[in-house]
Amino acid sequence: FTNVLHKKKQAYNFADDFQDTSKSFLKSQPFHVEPRNIVEDTPSERVTAEAAVLSSRVHYYGRLTASADRLLSPPDHVIPCPEEIYVYSPLGTAFKVTGGDGVSKNPSIITIFAIWNTMMGTSILSIPWGIKQSGFTLGIIILILMGLLTLYCCLRVLKSPKSIPYIDTSDWEFPDVCKYYFGTFGQWSSLLFSMVSLIGAMVVYWVLMSNFLFNTGKFIYNYAYNVSISDTDFGTNGSNRGKRASHVVMHLSDGYSGYYGNNTTDTDLFDRWWSKTNTIPFYLIILLLPLLNFRSASFFARFTFLGTISVVYLIILVTMKAVRLGFHLEFHWFDSSEFFVPEFRLLCPQLTGVLTLAFFIHNCVITLMKSNKHQENNVRDLSLAYLLVGLTYLYVGVLIFATFPSPPLSKDCIEPNFLDNFPSSDILVFVARTCLLFQMTTVYPLLGYLVRVQMMSQIFGKHYPGFFHVLTLNIIIVAAGVCMARFYPNIGSIIRYSGATCGLALVFVFPSLIHMMSLKRRGELGWPSGLFHSLLIVLGVANVAGQFFM
């Protein structure tokens, strides 16, 4: 087989002629086709006349590329498709390569739901809070507009490799495109903002896992010791920010004020050692830090289907609660009332920050769409995936906001994690928290693996430079999660800050600049396109600024 590869390299060798040609460009080029002894699933036969002509054309272009001009590289229309590429042996026989590049292709429906499953994350828990911050009517408008804007920018990312002429960009990702247009700055800045999104997601996961583990343990303890809790369907579950709190039993600190039982001392001891912010974030270190140091995350990748199950269960849970509680809506357009927030609020940038991360898939959309069986349907399939994601966010956000009981609680009591508005004693919510806890426990090492691969490969040139290098990186990531869960466990704010920051570069600035530079090089950049894409960049900057001033 080594002789086969050697013969392939001799017949069609670009490496010696082009020192500056990328590996991805080289490995996808065709090799010289000998016009004899071609076999498929049948005995040996001579090559067809059509294949011989194709071989001659490729061989001719190969001779031309001996010069230093890359413009003479074989154009795409003379490069054989994967079905026409053969592997040769020194014995004079040839075998057709089956499966193309070895990557299985999915139909459109699978691609659409794969994108939906990838995009559906922890942000869905903060959508009702974001709608509350911006107002019900303005929140719906912003959600629709942000979905359209992020979809357009995602399409720009998807098409960006194809805008580069004379280079095979089939294996390129968006950071490679950024490096092509902006040099080293584009490469490292895209890496930096990609790290912001990944590490921000890991911090949010740590806060949520601490929350879910606390409530899960609380439910088990109360059930085991027959502890009763006075509560309603909706509450604040640890917050005293809500208005008209006297109408319900408020929960203070990490414990409940409504215990009924004889063993008060044991309960106090349990609350001391099972605290949402004081102890639980540190307990998670014992479980998750060893998992982050695995060389491969393939084991955890098998459980990614749990994300789909969790989201579907959340939708069912929200529907059941809405049927039980009914709608509580009054429209006060600009002024708040005792129980209702205005329809338009100046805090709306907080929702745009959350939605930037909620609709964020720009750093991996090229990879996801490569597996689409019908590449001509990429735009349609990506648009349908965004539509499905937007409808899911709308459904959950609107139902939770509309059914929140006003009275006795004000809409301002909606928590950044809407599950916190349900008591620990709720069995349906207990199941949701348990599923999400297990799902996040399996996804967290995957996110850590992505951070390690992207960062270590750029700094050290390999994914696993050494145990102590990886351990140091993981300790820093875990420390960030523990600190946030201990001192600032507000997932809504964490999501909006990280979403607006990473979205500034990877959603608004780089896709717009790359598209304008591509059009300008072709002489097709007009003032409407320049104005529109410049406006997108301004919106990205305003989105970040709004997180600090609102």
Side-chain angles (χ1 to χ4, degrees), residues 22-24 27 118 121-122 171-180 182-210 280-304 357 360-364 366-367 439-488 494-495 497-499 501-502 504-506 510:
S22 65
K23 292 182 179 180
S24 61
K27 69 181 181 182
T118 304
T122 56
D171 291 334
W172 282 27
E173 299 294 338
F174 192 58
D176 299 316
V177 180
C178 294
K179 182 179 179 180
Y180 173 83
F182 306 111
T184 305
F185 170 78
Q187 177 186 8
W188 286 100
S189 59
S190 62
L191 174 66
L192 173 64
F193 287 106
S194 180
M195 291 298 99
V196 169
S197 65
L198 290 173
I199 296 178
M202 295 183 73
V203 170
V204 171
Y205 270 45
W206 199 277
V207 175
L208 285 174
M209 285 187 292
S210 301
I280 298 295
F282 296 95
Y283 295 160
L284 288 173
I285 299 177
I286 303 174
L287 171 65
L288 295 176
L289 184 57
L291 298 181
L292 286 176
N293 295 295
F294 281 20
R295 281 182 172 268
S296 173
S298 59
F299 172 77
F300 304 102
R302 302 173 185 176
F303 298 96
T304 54
L357 192 61
F360 183 75
I361 200 175
H362 300 64
N363 59 345
C364 60
I366 296 176
T367 302
Q439 181 238 336
M440 291 181 180
T441 304
T442 59
V443 172
Y444 188 85
L446 285 175
L447 296 176
Y449 178 77
L450 293 176
V451 172
R452 181 211 310 169
V453 167
Q454 294 189 28
M455 186 172 294
M456 295 299 182
S457 60
Q458 291 294 329
I459 298 176
F460 299 102
K462 46 187 172 181
H463 298 169
Y464 200 96
F467 174 77
F468 290 102
H469 296 81
V470 174
L471 180 62
T472 302
L473 174 64
N474 292 334
I475 289 176
I476 295 174
I477 295 173
V478 167
V482 171
C483 290
M484 296 302 290
R486 174 68 181 87
F487 300 105
Y488 192 71
I494 300 173
I495 289 174
Y497 281 116
S498 59
T501 303
C502 72
L504 172 65
L506 301 179
F510 282 163

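These numbers come from the heavy atoms of this one structure, side chains and all, not from hydrogens, waters or symmetry mates.
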- Item | Check against ring-ring contact (aromatic ring centres under 6.0 Å, His included), Tyr449 and Phe294 | CA-CA 8 Å; Tyr449 178 77; Phe294 281 20; over 10 Å; no

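Residues Ser498 and Leu357 come closest through the heavy atom pair OG-CD2, 3.8 Å. Looking at every heavy atom in both residues, Leu506 comes nearest to His362 through O-CB, 3.7 Å. Here the closest heavy-atom approach between residue Ile280 and residue Ser210 is recorded as CG2-O, 3.4 Å. Of all the heavy atoms in Arg452 and Leu292, the pair that sits closest is NH2-O, 2.9 Å. Closest of all the heavy-atom pairs between Ser190 and Phe510 is N-CE1, 4.0 Å.
Below 30°, between 30° and 60°, or above 60°: for His469 and Phe460 the angle between ring planes is above 60°, a perpendicular geometry.
Of the candidates Thr472, Val482, Leu447, Val451, Val451 is the only one forming a side chain to side chain contact (heavy atoms under 4.5 Å, CB included) with Ile477. The residue from Leu289, Asn293, Leu288 that alone fulfils the side chain to side chain contact (heavy atoms under 4.5 Å, CB included) condition with Leu291 is Leu288.
At distances below 3.5 Å, not a single donor-acceptor pair connects side-chain atoms of Trp206 with backbone N or O atoms of Val478.
Crowding of Phe185 atom CZ: a count of heavy atoms from other residues, nucleotides or ligands under 6.0 Å not exceeding 12.
Put simply, CD1 on Ile361 and OG1 on Thr118 are 5.0 Å apart, with the number rounded to the nearest 0.5 Å. Atom CD of Glu173 is separated from atom OG1 of Thr367 by 3.0 Å, given to the nearest 0.5 angstrom. Separating the CE atom in Met484 from the CD1 atom in Ile494 is a distance of 3.5 Å, to the nearest 0.5 Å.
With contacts defined as side-chain heavy-atom distances shorter than 4.5 Å, the pair Trp172/Ile366 does not qualify. Between Met440 and Thr122, some side-chain heavy-atom pair lies under the 4.5 Å cut-off.
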For residues 191-204, which side-chain N or O atoms pair as donor and acceptor with protein atoms under 3.5 Å away, sequence neighbours left out?
residue	atom	partner	partner atom	Å
Ser194	OG	Gln454	OE1	3.1
Ser197	OG	Ser194	O	2.7

